[in-house]
Structures are given as C-alpha cells and as structure tokens.
2 protein chains.
Amino acid sequence: MKEKKISITKEKIKRSAIELFNTKETLSITTNHIAKHAGISSGNLYYHYKNKEEIIREIYTEMSSTFVSFNSFEKIATSENPLKELSLMFDIYGELFWSYRFLMRDSAVLMAMDSELKTMFSKNQEKRISQIDGLLRYLISQDILEGIPNDEIPIRAKLHWFISAYWQVFTSSSSEITKDSIKEAKDIIFKIHIYPFLSDKGKNLVNQ
Amino acid sequence: MKEKKISITKEKIKRSAIELFNTKETLSITTNHIAKHAGISSGNLYYHYKNKEEIIREIYTEMSSTFVSFNSFEKIATSENPLKELSLMFDIYGELFWSYRFLMRDSAVLMAMDSELKTMFSKNQEKRISQIDGLLRYLISQDILEGIPNDEIPIRAKLHWFISAYWQVFTSSSSEITKDSIKEAKDIIFKIHIYPFLSDKGKNLVNQ
DNA sequence: TAATAATTAGAGTAATTACTCTAAATTTAA
DNA sequence: TTAAATTTAGAGTAATTACTCTAATTATTA
C-alpha cells in the first residue's frame with residue numbers, strides 16, 4: 001500500500017490558490033502570484049504541480065469529494081423527516097460553495113481554459129442530476145410530493161442542478177457572491193420548486 | 001445630423017468574428033484569425049476596431065438592439081392572446097440566441113475578459129428582469145395567471161431571465177448548443193413556470 | 001558521517017498574441 | 001489632373017506569463 005505523503009508546501013500552494021481565486025478575479029491570478037502568496041518561489045511551485053490547471057483540478061477534486069462525503073441518499077431515505085434532512089444537506093453544500101466559490105462563479109471560464117476540468121465537471125454534473133432525479137422519485141413514492149408529472153422529472157432534476165450550480169454565475173454577473181446569494185439558490189429550489197408540490201404529509205414534515 | 005457611413009470591411013470583420021466565435025471555441029479565436037477569415041490584414045482590422053473587445057462589444061450591441069426591436073410589452077398587452085404572443089416572441093428570441101450563440105454560451109468568459117462588456121450586460125439584464133416582472137404582474141392582473149404570491153414575483157422574474165440567458169451556459173458544459181437546447185429553455189419556462197399557474201381563462205388561451 | 005534523495009530558489013526562456021507603425025495603394029475631392 | 005484623405009498590407013514590437021533549468025540547500029538513510 002503506497003502512502004501518499006502530504007507535502008506542506010503543496011498544501012500551502014493549494015490554500016493560497018483558493019484564497020486568491022476566491023477573493024480576486026480568477027483570471028488575473030498568475031502562478032507567480034500564487035507562489036508569492038504562498039511564500040515560495042515559482043520554480044518550487046512547478047516542482048509540486050505540473051501546471052496551473054493541475055492546481056485548479058486538484059482544488060476541484062477536493063471540493064468534489066467533500067461534496068460526495070456529505071451527499072447521502074441513504075441519510076435522506078432513512079430520515080424520519082427527509083425534507084428537513086435535505087434542507088440541512090443544502091446548508092452544508094452552501095458552506096462548501098462558499099469556501100470554493102471561485103469554482104462556482106467562474107466555472108465557465110475555467111472549463112473554457114481546461115478541457116480536462118470540463119470533462120470532470122461534466123461527468124460530475126451528470127451524476128448529480130441523476131441523483132436529484134432519484135431523490136424526486138423517492139419523495140413522490142413516499143407521498144411527500146405530489147402532482148409532478150412523471151415525464152417532467154428528468155427536466156426538473158436538470159433544472160434543480162442548474163439552479164444550484166449556476167446561480168452564482170448569474171449572480172456574479174451583476175454583483176459579488178455572498179452567503180446570501182448562495183442561500184437564494186436554495187430558497188428558489190425549495191420555495192418555487194418543492195413547496196408547491198407538497199402533499200399534506202409533506203406539508204406536515206415542513207412544519208415540524 | 002452626422003451620417004454613420006457603413007464600412008464594408010468593418011462589417012466583414014464583424015460577420016467573420018460572429019461566425020468564428022459561433023463555430024469554434026471563442027477563446028481560441030485571435031484577431032489574426034478574424035482578419036484572415038475576413039480576407040484582410042491584421043493592421044486593417046485594427047484600423048477599423050480599436051481592439052478585440054470593441055468587436056465583441058459591437059456584436060453584443062447589435063444583438064441587444066435586435067432583441068429590443070422585437071421586444072414589446074405593448075404587443076403582448078394589446079394582443080387578444082397574450083400567451084400566444086409571448087410564445088411567438090420567445091421563438092424569435094430563440095432565433096436570435098442561435099445567431100449569436102457564442103454570446104450566450106460564453107457570456108461568463110467574455111465578461112471576465114472585458115469589464116465594460118460586463119457592465120453593458122449587467123445593465124441590460126436588469127432591464128430584462130424588470131420587464132419580466134411587469135409582464136408577470138400584467139398576466140396576473142388579467143386573470144390569466146393565478147396562485148403566484150405577490151412577494152414571489154421578483155424572484156420568479158429573476159429566475160425566468162436566468163433560465164433564458166444561462167441555460168446555454170449550462171448546456172455547453174456537457175454538449176453543443178443546438179436549436180433544441182435553446183427551445184428547451186423556452187419549454188422550461190412555459191411548462192414548469194407558467195402553465196401550472198394558468199387560470200381557466202389562461203388555459204383557454206393556451207388551447208386556442 | 002557520508003552518500004543519496006528530496007526540496008527549494010530564482011534567473012531565464014519560449015511562445016503567444018494583441019496591437020503598432022510605416023509605406024503603399026486606392027478613393028475622393030478640388 | 002493633382003492633391004488630400006482614406007484604406008490597406010504586413011512586418012515588426014511589446015508585454016505577458018506559463019514554465020524550465022541549474023545550482024544550492026535541506027532532509028533522509030545507510
């Protein structure tokens with residue numbers, strides 16, 4: 001079993017990159033900036049990372065696996081109050097999206113610059129959408145949601161993901177991303193896309 | 001009254017840019033590519049345009065004013081069947097979005113590279129959203145739509161715009177933009193966000 | 001301790017590409 | 001027809017920035 005040694009420097013590079021990307025214009029940040037901010041030389045940065053894209057991809061992978069670790073259909077399915085559980089899960093995602101907000105905000109830009117990242121993103125996206133699809137079906141099967149035509153489920157799943165993932169792209173076109181703008185995406189999904197389809201049982205769960 | 005003389009070369013540059021941006025990766029297209037495709041020299045291109053961004057901004061302005069020329073609240077408000085009129089208008093927008101699809105697809109990238117374009121885009125966006133807001137209120141006032149809480153109108157207007165303008169960003173993250181993917185955005189707005197709120201009167205209008 | 005391996009600095013390179021400059025060609029005006 | 005203005009070509013520049021290379025330092029191991 002090969003042990004991956006965690007290099008402190010490598011970690012420092014990643015953290016610096018996240019902080020700079022989050023707080024400045026992603027496009028304006030060069031590898032030299034990242035190295036400087038990490039307090040190391042440019043050559044050293046390239047000793048740890050093959051190139052700039054690799055840094056970003058590693059950050060994406062980090063966020064992605066954190067996401068997956070919090071993401072559990074079982075937890076929702078076994079909960080007494082699946083809707084509340086879902087809401088909590090959204091709050092955790094919100095924190096995550098905030099920590100890695102440049103990835104959400106500039107996803108389009110980053111994908112345009114790195115096709116490998118685009119592939120990763122796109123694959124991940126498909127998984128999330130089919131997960132949402134399954135979740136909607138589950139909530140309907142449990143008579144928590146009602147009145148959603150079966151043939152609308154796929155497009156609704158797509159739409160939910162679209163809002164979760166792209167609302168920050170939209171927001172950042174006219175203002176800064178804030179924790180509130182992240183919460184806004186959750187609100188849209190719940191208030192506009194879930195609550196109107198609550199069964200009586202579902203309504204009770206929400207009011208609990 | 002100063003007459004703007006239309007330069008054939010300038011026009012040729014614009015058309016070439018649109019075609020290249022639409023059909024290739026926007027980021028990969030250089031001014032040299034555009035000049036070559038237009039059959040002129042690079043120096044000539046810069047005689048007509050101050051810089052690359054100016055070309056893109058001019059294309060954006062062109063699309064924007066075409067949009068506005070088709071965009072008429074009056075036409076909807078005076079129509080016997082406002083919903084059908086709205087649907088027709090969406091089809092025209094769809095054509096427009098197709099012709100300038102790189103602007104929709106890569107809006108985030110382009111804005112990241114040109115803050116002036118971002119400002120234009122953002123101002124335009126605000127106008128569209130308040131227009132949609134007004135339209136929703138009108139349809140409600142005419143008892144065509146019902147059941148939409150008043151305090152939800154602003155966020156729904158935002159959401160409608162978001163879907164119209166950003167669905168192509170989402171689509172292009174996993175596949176090519178097609179006329180179908182543009183139509184999909186319309187379908188989502190109508191099927192998911194309008195039809196469920198149709199009054200009996202509204203339903204009749206749709207079935208006409 | 002000596003030898004080897006891993007890490008680091010930082011100067012320097014290489015490639016890209018937006019944009020400039022000048023002189024020539026063409027068009028317009030007088 | 002000649003002078004002036006506009007348009008064009010294309011070679012060349014300038015600036016940026018991702019990335020390389022080498023030599024030195026530090027850590028590890030035998």
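Keep in mind that the numbers below use all heavy atoms, side chains included, and drop hydrogens, waters and symmetry copies. Lettering follows sequence order; numbering is per chain, from 1.
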Under 3.5 Å, sequence neighbours excluded: what are the donor-acceptor pairs made by side chains of residues 154-161 of chain A?
| residue | atom | partner | partner atom | Å |
| --- | --- | --- | --- | --- |
| A/Arg156 | NE | A/Glu152 | OE1 | 3.0 |
| A/Arg156 | NH2 | A/Glu152 | OE1 | 3.2 |
| A/Lys158 | NZ | B/Glu184 | OE2 | 3.1 |
| A/Trp161 | NE1 | A/Gln125 | OE1 | 2.9 |

query: Given D/dT8, D/dC19, C/dA9, which nucleotide is nearest the side-chain atoms of A/Ser41?
result: C/dA9
message: Expressed as a whole number of angstroms, how long is the span from B/Tyr46:OH to C/dT20:P?
response: 8 Å
- line: Rounded to whole Å, the CG-P distance (B/Leu45 to C/dC21) equals 17 Å
query: B/Tyr47 has an atom OH; how far is it from atom P of C/dT22, in whole Å?
result: 17 Å
query: In whole angstrom, what separates B/Lys50's NZ from C/dC19's C1'?
result: 13 Å
A/Tyr195: partners by ring-ring contact (aromatic ring centres under 6.0 Å, His included), with sequence neighbours left out: none
A/His48 vs C/dA6: side-chain N/O to OP1/OP2 distance below 4.0 Å: no
task: Please state how far atom CD in A/Glu54 lies from atom P in D/dC19, giving the value in whole angstrom units.
output: 10 Å
- prompt: Looking at residues at least two apart in the chain, or sitting in another chain, which of them share a salt bridge (Lys or Arg N to Asp or Glu O under 4.0 Å) with A/Arg137?
  reply: A/Asp133
Below 3.5 Å between N/O atoms, which protein atoms pair up with nucleotides 25-27 of chain C? Just atom names and distances, please.
none

task: Could you list the residues that satisfy salt bridge (Lys or Arg N to Asp or Glu O under 4.0 Å) with B/Glu19, not counting sequence neighbours?
output: none
- request: Tell me, please, which residues at least two apart from A/Phe97 pass ring-ring contact (aromatic ring centres under 6.0 Å, His included).
  value: none
message: Centroid separation under 6.0 Å, is that true for the rings of A/Phe162 and B/Tyr166?
response: no
Show the distances under 3.5 angstrom between N or O atoms of the protein and N or O atoms of nucleotides 11-17 of chain C.
none

query: Can you list the residues that meet the side chain to side chain contact (heavy atoms under 4.5 Å, CB included) rule with A/Asn32, with sequence neighbours excluded?
result: A/Thr30, A/Ser42
message: Rounded to whole Å, how long is the line connecting atom OH of B/Tyr49 with atom P of D/dT8?
response: 13 Å
message: My understanding is that only residues two or more places apart in sequence, or in another chain, count here; which of them pass ring-ring contact (aromatic ring centres under 6.0 Å, His included) with A/Tyr138?
response: A/Phe73
Lys/Arg-Asp/Glu bridge criterion (N-O < 4.0 Å) met for B/Glu62, B/Arg15: yes
Sugar-phosphate only, base, or nothing, as touched by A/Ile40 at under 4.0 Å among non-hydrogen atoms: sugar-phosphate
message: Rounded to whole Å, please give me the gap between NZ in B/Lys36 and P in C/dA18.
response: 15 Å
- prompt: ring-ring contact (aromatic ring centres under 6.0 Å, His included) with A/Phe70: which residues, sequence neighbours excluded?
  reply: none
message: Tell me every residue that passes salt bridge (Lys or Arg N to Asp or Glu O under 4.0 Å) with B/Glu95, counting only those two or more places apart in sequence or in another chain.
response: B/Lys179
message: What's the angle between the local helix axes at either end of the helix from C/dT1-D/dA30 to C/dA30-D/dT1, using five pairs per end and rounding to 10 degrees?
response: 0°
field: Length of the line joining A/Asn44:CG and C/dA6:C1', which is rounded to integer Å
entry: 11 Å
